[in-house]
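In what follows, residues are counted from 1 in the order of the sequence shown. Heavy-atom basis, side chains included; hydrogens, waters and symmetry copies ignored. We count ligands from 1, going down the list as the structure has it; atoms in each ligand are counted the same way.
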Amino acid sequence: MAAPRKIIIDTDPGQDDAAAIMLAFGSRAELDILGITTVAGNVPLALTARNARILCELCGRTDVRVFAGADRPLARPLVTAEHVHGKTGLDGPELAEPSMPLAEGHAVDFIVETLRREPEGTVTLCTLGPLTNIALALEKAPDIAARIRELVMMGGGFFEGGNITPAAEFNVYVDPEAAARVLAAGIPIVMMPLDLTHRVLTLKTRVAKIRALGSKPALALAEMLEFFERFDVEKYGSDGGPLHDPTVIAYLLKPELFQGRDCNVEIETASPLTLGMTVVDWWHVTDRPKNARVMRFIDDQGFFDLLTERLAAI
Ligand code: RIB
Ligand code: CA
């Protein structure tokens, strides 16, 4: 078996972030988590940094360092999503405050130092929240762009539209300037937009299988998902809600579950009406550079089989 793939998870936990982090924790043979960097998004930074450590302790992974990063977007006031994730960002289960400390230093410095230390082209960035930390790292150290193996991001939407506004998906909407910088940096990017994640629903039968694993992480995640999905169930009238963030990790583990194509993706950063919209040239009607591999289709049952299998391995 090949050496585990080195990754940094940049995240704003968030119940779906929790599922992604747990999927990574359950995949030790394939993924070497160099660190978790937190960013303000679903809830303010103090809570995302708290929540990431809670997840590490819940899963017995206090070996993984957690860094605090940007507490606000590059150029706008922070917009949060307590209406979806609850006051703490991990509402659902009763969770103890973390005892593990934050790692020393700022997340952006950790990202820069890690990319400069590790051999070129060996580190993958997995972004589950607003792209503020990545944009700041690129601003501080433009040389790192060429050193990134791949950046796999949950964000954006095209034919599906938006979830925080009719036009914009939350991660991109919170920091559209950051998203625009990252997409213009020449990094190999794989994008998991709402068009894909809305096909990945936490059906009752699927959550029941997760709960049936019976472990502390699985029981906690089942409660998180049952809290998290209520907003989308009410909005879309669906059985379960879209499980966005773990698609990023699943792509690293089983890319064959996904289908998409290389496209140009631009970000609206000016219009108040469509701020944060990802304009995806899916039909290649422009000659703009194809700066992202945009995923649109997924084997959703294969995804949940993988997630459940790896939760059992934490
Ligand atoms: O739009 C969904 C994204 O916004 C997910 O990453 C969710 O955790 C929130 O951050
Ligand atoms: Ca997230």
### Message
With a 6.0 Å cut-off (strictly less than), is the heavy-atom count around NZ of K6, excluding the residue itself, greater than 12?
### Response
yes

### Query
Any ion pair linking R147 and E120 (charged N to carboxylate O, less than 4.0 Å)?
yes

### Task
Please could you name the atoms of ligand 1 that N42 approaches to less than 4.0 Å, counting only its heavy atoms?
7 (C), 8 (O), 9 (C), 10 (O)

### Query
Do the side chain of E226 and the main chain of G92 share a donor and acceptor less than 3.5 angstrom apart?
no

### Query
In terms of atom number and element, which parts of ligand 1 are under 4.0 angstrom from non-hydrogen atoms of H244?
2 (C)

### Query
Are T278 and E169 linked by a side-chain donor-acceptor pair shorter than 3.5 Å?
no

### Message
Which residue and atom name correspond to the protein heavy atom nearest atom 2 (C) of ligand 1, and how close is it?
### Response
E169 OE2, 3.4 Å

### Task
Pick whichever of D245, V84, T197 has a heavy atom sitting closest to atom 6 (O) of ligand 1.
D245

### Message
Is D245 close enough to the Ca ion (ligand 2) that one of its N, O or S atoms comes in under 3.0 Å?
### Response
yes

### Message
Show me which atoms of ligand 1 lie under 4.0 Å from any heavy atom of D12.
### Response
10 (O)

### Message
Using the rule given for salt bridge (charged side-chain N to carboxylate O under 4.0 Å, His left out), can you reason through R293 versus E150, listing the C-alpha separation, both sets of side-chain angles and the distance that settles it, and then say yes or no?
### Response
CA-CA 11 Å; R293 173 152 301 174; E150 197 167 48; over 6 Å; no

### Message
I need the atoms of ligand 1 closer than 4.0 Å to a non-hydrogen atom of D16, numbered in the order shown.
### Response
5 (C), 6 (O), 7 (C), 8 (O)

#### Entry: Contact atoms of ligand 1, heavy-atom distance to N171 under 4.0 Å
3 (C), 4 (O), 5 (C), 6 (O), 9 (C), 10 (O)

### Message
With heavy-atom distances below 4.0 Å as the criterion, list the atoms of ligand 1 near M154.
### Response
2 (C), 3 (C), 5 (C), 6 (O)

### Task
Can you establish whether the number of heavy atoms outside K140 located under 6.0 Å from its atom NZ is more than 12?
no

### Task
Check ligand 1 against D17 and write out every atom of the ligand that is under 4.0 Å from a heavy-atom position of the residue.
8 (O)

### Message
Within the 4.0 Å heavy-atom shell around L128, which atoms of ligand 1 are there?
### Response
6 (O), 10 (O)

### Message
Only to 10 degrees, please: what angle do the OD1 atom of D12 and the O atom of L128 make about the Ca ion (ligand 2)?
### Response
90°

### Message
One thing to verify: whether R206 and D300 come together as a salt bridge, which I'm taking to mean a side-chain N less than 4.0 angstrom from a carboxylate O.
### Response
yes

#### Entry: Polar contact flag for G129 and ligand 1 (N/O pairs, less than 3.5 Å)
no

### Message
Any carboxylate oxygen within less than 4.0 angstrom of a Lys/Arg side-chain nitrogen, looking at E118 and R149?
### Response
no

### Message
Apply side chain to side chain donor-acceptor pair (under 3.5 Å) to residues T48 and D12 and explain how you reach the verdict.
### Response
CA-CA 5 Å; T48 59; D12 63 336; over 6 Å; no

